[in-house]
K.L.:
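Please find one structure pasted underneath; my questions will follow.
Residue numbering restarts at 1 for every chain, and letters A, B, ... go by the order of the sequence lines.
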Amino acid sequence: MSPHKQIELQLQAAVREVLPEADSAAVLVRPCPDPKFGDYQSNALMSLARARKLNPRQLAEDVLKKLDVSTTCEKVEIAGAGFLNFRLKISALNQALESVVKGGPLFFETASRPKTVVIDFSSPNVAKPMHVGHIRSTFLGDSLARALRLLGHRVITDNHIGDWGTQFGKLLVGWKKYLDAGALRKDPISEMERLYRFVNSAGESDPAVLEEARLELVKLQGGDPENLGIWREMIALSEKQFDDIYSRLGIKFDFTYGESFYNDRLKPLVDELLEKDIARESEGAIAIFFEGDPQLKDKPALVRKSDGGFNYSTTDLATLAFRLAEWRPDEIIYVTDGRQQLHFQQIFSAFRKWLPASKTRLAHVWFGAILGDDGKPFKTRSGDTVKLSDLLDEAEERTFKIVSEKNPSLPEPARREIARVVGIGAIKYADLLPNRQSDYVFSWDKMLALNGNTAPYLQYAYARIRSIFRKLDQPTGHPGSSLTLATPEEIALAKHFLNFGLTLDSVVEEYRPNFLCIFLYELAGKFTAFYENCPVLKADGQTRNSRLILCELTARVLKQGLELLGIEVVDQM
RNA sequence: GCGCGCGUAGCUCAACUGGAUAGAGCGUUGGCCUCCGGAGCCAAAGGUUGUGGGUUCAACUCCCGCCGCGCGCACCA
């Protein structure tokens, strides 16, 4: 159990001792949101007092008289309307930290009941460039996967790429009639994108082109060898792009079962839904209706179009069935943008109708739109979006210039490596920092900022710690485990460590890595305050030893936390 | 029209899910010692949380009505 949790439970038990018949909410002791009031607080006595028709401050005083928490806390204080504020004793804090130094878990606890969780994220389309619109799903999903894994869960990541669908009709027409082989060799994605756009706009003025595309699509779906061959080549070229990008981002998937993987499962699925009376014919299409649900009353989900083709809902239901059978997950998490909320409501409702006995929890983790400078959403179709590879290049280039200014003596390969880690880190952090449900205004400067609340600030704090350890004259190895916390900066830093586990729990529960960003930024801030006010190497004996331990713990938590955001650290920058 | 979501400092965003004096970054202004890395630190200015009611010890947070914005509403994914 994490030290924080342990203390929390101790204090709760102590309050419970005094109020044996109160309900569990009334004895709750929680970490205090603002350290200036204390480290833990009880704020439920006010409502308890009301229920018992007592004066809340009087009740608090009565509780206080009998309350004994002297082993862990200083004198408990009553404040405001009837808050109890607990302040941790330094000895208790020392003890909590020492247990970590001696090899205990890093202020968090792993799940007592590990879950199997499937995470569906990123999901780029074949034959299109990955652009900034993909980063939220990609970073969010990856970060959640990392956090869940650290907490002991079994995580399966599945990249549900768009490798099937009507766009291939147009792509096939383009490929057969207008392909520029040289351009394809040079930059396959751009050439395929060009082909798609060209045929798309030709189709706007000439219906014959659309008809042609439709026929090519029918041939592909019918298994025409030539079209299948072209289709496979397009996928292979796209996969190369995906691999490049994901490798730069340090992101790996356990599986990449694209939409096409489910092709031969679609017809049997619809047959089954019809047979079980879950879906029925409507206006020539096959649809699932949700009469009982006021929200989905007039919003049927189509699982077969009137022309006999299948669509998004069909594939998603087939995918769901496959995942249930293949991995028996406790939970499936879909990370997509907020515009798909209705779609996932339909899928989830259909799932409950179809497999009412299933215990699997489905979660749609959605995020806001990415907007341009004009405040309008990015257009994925008509272009003018920033390519992800260009964004990464720009980040590394800008960072390289700064590294070269600050640290000209380092050899170029080292500067390149630092620029890579810091540049990519800045992008990931900028993306993960805002609340995921807020819309997102894209700006180069914000994305690539290296000052303020950014990844480089955290990486810089880490690098400064490493620098201290490089300068340590005698490499005594482990600085020991004994702490003497004295200054306010030391104590504030030490107390903040305890919040790490709590933060990880909320990240996973709320699917919000930005909680971790906030925690890490505060950690780096508290470390910097400590660094400014408490000399480490110039201190003597036990003080120096104790401060070295704080440095080491800060470095470990920073590194671990950043790793959960998919961000690396460097020893020098 | 119906549904979902949003509205917080000049700008970009937080606020631990109902707690105490609403906090950061950017930008602006003014400081930082021969001292472990200045990608840093300290300080100042900046707010009727869109608006009007309600609920209660307590509301950015929950409920209702307006105003404004975004997204979604049957054969795209």
K.L.:
Which label fits B/U12, syn or anti, where anti is any glycosidic angle not within 90° of 0?
P.N.:
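Here B/U12 takes the anti form, which means its glycosidic angle is more than 90° from 0.
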
K.L.:
Assess the pair A/Y511 and A/H364: is the distance between their ring centroids shorter than 6.0 Å?
P.N.:
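No, they do not, as the ring centres are separated by 6.0 Å or more.
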
K.L.:
In whole angstroms, how far is the P atom of B/C42 from the CD atom of A/E489?
P.N.:
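These atoms are roughly 10 Å apart.
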
K.L.:
Suppose we screen for side chain to side chain donor-acceptor pair (under 3.5 Å). Which residues come up paired with A/E211, at least two apart in sequence or across chains?
P.N.:
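Counting only residues at least two positions away or on another chain, A/E211 forms a side chain to side chain donor-acceptor pair (under 3.5 Å) with A/R214.
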
K.L.:
Nearest whole angstrom, please: distance from the P of B/A77 to the CG of A/L171.
P.N.:
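Atom-to-atom, A/L171 to B/A77, this comes out as 14 Å.
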
K.L.:
With P as the reference atom in both, quote the distance from B/C4 to B/A39 in angstrom, rounded to an integer.
P.N.:
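Looking at atom P only, B/C4 and B/A39 are 50 Å apart.
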
K.L.:
Considering residues at least two apart in sequence or located in another chain, which fulfil the side chain to side chain donor-acceptor pair (under 3.5 Å) criterion with A/D34?
P.N.:
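Listed in chain order: A/K36.
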
K.L.:
When every nucleotide of nucleotides 28-40 of chain B is labelled 5' to 3' by its protein contacts under 4.0 Å (heavy atoms), B for base, S for sugar-phosphate only, - for none, what sequence of letters results?
P.N.:
-------SBBSBS

K.L.:
Quick one: which residue pairs count as a side chain to side chain donor-acceptor pair (under 3.5 Å) with a foot in residues 445-454 of chain A, not counting sequence neighbours?
P.N.:
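Side chain to side chain donor-acceptor pair (under 3.5 Å) check on residues 445-454 of chain A returns A/R398-A/D445, A/Y429-A/N453.
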
K.L.:
Would you say a side-chain N or O of A/Q295 is under 4.0 Å from OP1 or OP2 of B/C4?
P.N.:
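Looking at the OP1 and OP2 atoms of B/C4, one of them is under 4.0 Å from a side-chain N or O of A/Q295.
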
K.L.:
Donor-acceptor pair under 3.5 Å: do we get one between A/T166's side chain and the base of B/A77?
P.N.:
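There is none.
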
K.L.:
Could I get the full list of side chain to side chain donor-acceptor pair (under 3.5 Å) partners for A/T256, not counting sequence neighbours?
P.N.:
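A/T256 satisfies side chain to side chain donor-acceptor pair (under 3.5 Å) with no other residue.
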
K.L.:
According to a 3.5 Å limit on both distances, what stems of 3 or more consecutive Watson-Crick or G-U pairs are formed with RNA chain B?
P.N.:
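Stems (3+ consecutive pairs) listed as B:1-7 with B:67-73, B:10-13 with B:23-26, B:28-32 with B:40-44, B:50-54 with B:62-66.
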
K.L.:
Per the side-chain contact (heavy atoms from CB on, under 4.5 Å) rule, which among A/L171, A/V126, A/L220 passes with A/W231?
P.N.:
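Only match with A/W231 under side-chain contact (heavy atoms from CB on, under 4.5 Å): A/L220.
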
K.L.:
Can you work out whether A/T454 or A/P300 has the more 5'-proximal nearest nucleotide on RNA chain B?
P.N.:
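The answer here is A/T454.
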
K.L.:
Can you tell me how far P of B/C2 sits from NZ of A/K299, to the nearest Å?
P.N.:
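Computing the A/K299:NZ to B/C2:P distance gives 11 Å.
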
K.L.:
Output every pair passing salt bridge (charged side-chain N to carboxylate O under 4.0 Å, His left out) with a member in residues 288-299 of chain A, not counting sequence neighbours, ordered by first then second residue.
P.N.:
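Qualifying pairs: A/R280-A/E291.
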
K.L.:
With rounding to whole Å, what would you report as the distance between B/A20 and B/G37 at their C1' atoms?
P.N.:
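Each nucleotide's C1' atom is 39 Å from the other's.
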
K.L.:
Report which part of the nucleic acid A/L342 touches: base, sugar-phosphate, or nothing (heavy-atom distance under 4.0 Å, all strands).
P.N.:
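Sugar-phosphate only.
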
K.L.:
Could you tell me how far B/C63 sits from B/A24 if I compare only their C1' atoms? Round to whole Å.
P.N.:
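That atom pair is separated by 31 Å.
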
K.L.:
For residues 459-466 of chain A, which side-chain N or O atoms pair as donor and acceptor with protein atoms under 3.5 Å away, sequence neighbours left out?
P.N.:
from, atom 1, to, atom 2, distance (Å)
A/Q459, NE2, A/E568, O, 2.9

K.L.:
Does A/F290 have any ring-ring contact (aromatic ring centres under 6.0 Å, His included) partners at least two apart in sequence or in another chain, and if so, which?
P.N.:
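By the ring-ring contact (aromatic ring centres under 6.0 Å, His included) rule, A/F290 matches no residue at all.
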
K.L.:
How about A/Y334 and A/F344: are their ring centres within less than 6.0 Å of each other?
P.N.:
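Yes, the ring centres sit under 6.0 Å apart.
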
K.L.:
Mind jotting down which residue pairs meet the ring-ring contact (aromatic ring centres under 6.0 Å, His included) criterion with at least one end in residues 518-544 of chain A? Sequence neighbours excluded, please.
P.N.:
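Sorted pair list: A/Y457-A/Y521, A/H496-A/F519, A/F500-A/F519, A/F527-A/F530, A/F527-A/Y531.
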
K.L.:
To the nearest angstrom, how far is A/R214 atom CZ from B/C76 atom P?
P.N.:
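Rounded to the whole Å, the gap is 12 Å.
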
K.L.:
Go through the structure and list residues passing side chain to side chain donor-acceptor pair (under 3.5 Å) with A/N85, not counting sequence neighbours.
P.N.:
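Residues passing side chain to side chain donor-acceptor pair (under 3.5 Å) with A/N85: none at all.
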
K.L.:
Could you work out the separation of B/C13 and B/G7 based on their C1' atoms and round it to a whole Å?
P.N.:
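Approximately 13 Å lies between the C1' atom of B/C13 and that of B/G7.
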
K.L.:
Quick one: do A/R547 and A/E552 make a salt bridge, cutoff under 4.0 Å?
P.N.:
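Here A/R547 does not pair with A/E552 in a salt bridge, since their nearest N and O are not under 4.0 Å apart.
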
K.L.:
Distance between the P atoms of B/G23 and B/U29, in whole angstroms?
P.N.:
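Result for the P pair: 25 Å, nearest Å.
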
K.L.:
Could you work out the separation of B/A59 and B/A74 based on their P atoms and round it to a whole Å?
P.N.:
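Per the computed distance, 42 Å lies between those P atoms.
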
K.L.:
Tell me: CZ of A/F344 to C1' of B/C4, nearest whole Å?
P.N.:
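To the nearest whole Å, that distance equals 15 Å.
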
K.L.:
I need the NZ-P distance between A/K53 and B/C57, as an integer number of Å.
P.N.:
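Rounded to the whole Å, the gap is 11 Å.
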
K.L.:
Can you tell me the distance, in whole Å, between the OH atom of A/Y429 and the P atom of B/A24?
P.N.:
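From A/Y429 OH to B/A24 P: 14 Å.
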
K.L.:
Would you mind reading off the distance between A/F121 atom CZ and B/A77 atom C1', rounded to a whole angstrom?
P.N.:
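Atom-to-atom, A/F121 to B/A77, this comes out as 19 Å.
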
K.L.:
Between B/A45 and B/U51, how far apart are the C1' atoms? Round to whole Å, please.
P.N.:
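Each nucleotide's C1' atom is 28 Å from the other's.
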
K.L.:
Using a 4.0 Å heavy-atom cut-off to protein, can you give one letter per nucleotide of nucleotides 9-20 of chain B, 5' to 3': B if the base is in contact, S if only the sugar-phosphate is, - if neither?
P.N.:
---SSSSBB-BB

K.L.:
Could you tell me how far B/G46 sits from B/C6 if I compare only their P atoms? Round to whole Å.
P.N.:
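So the two P atoms sit 30 Å from each other.
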
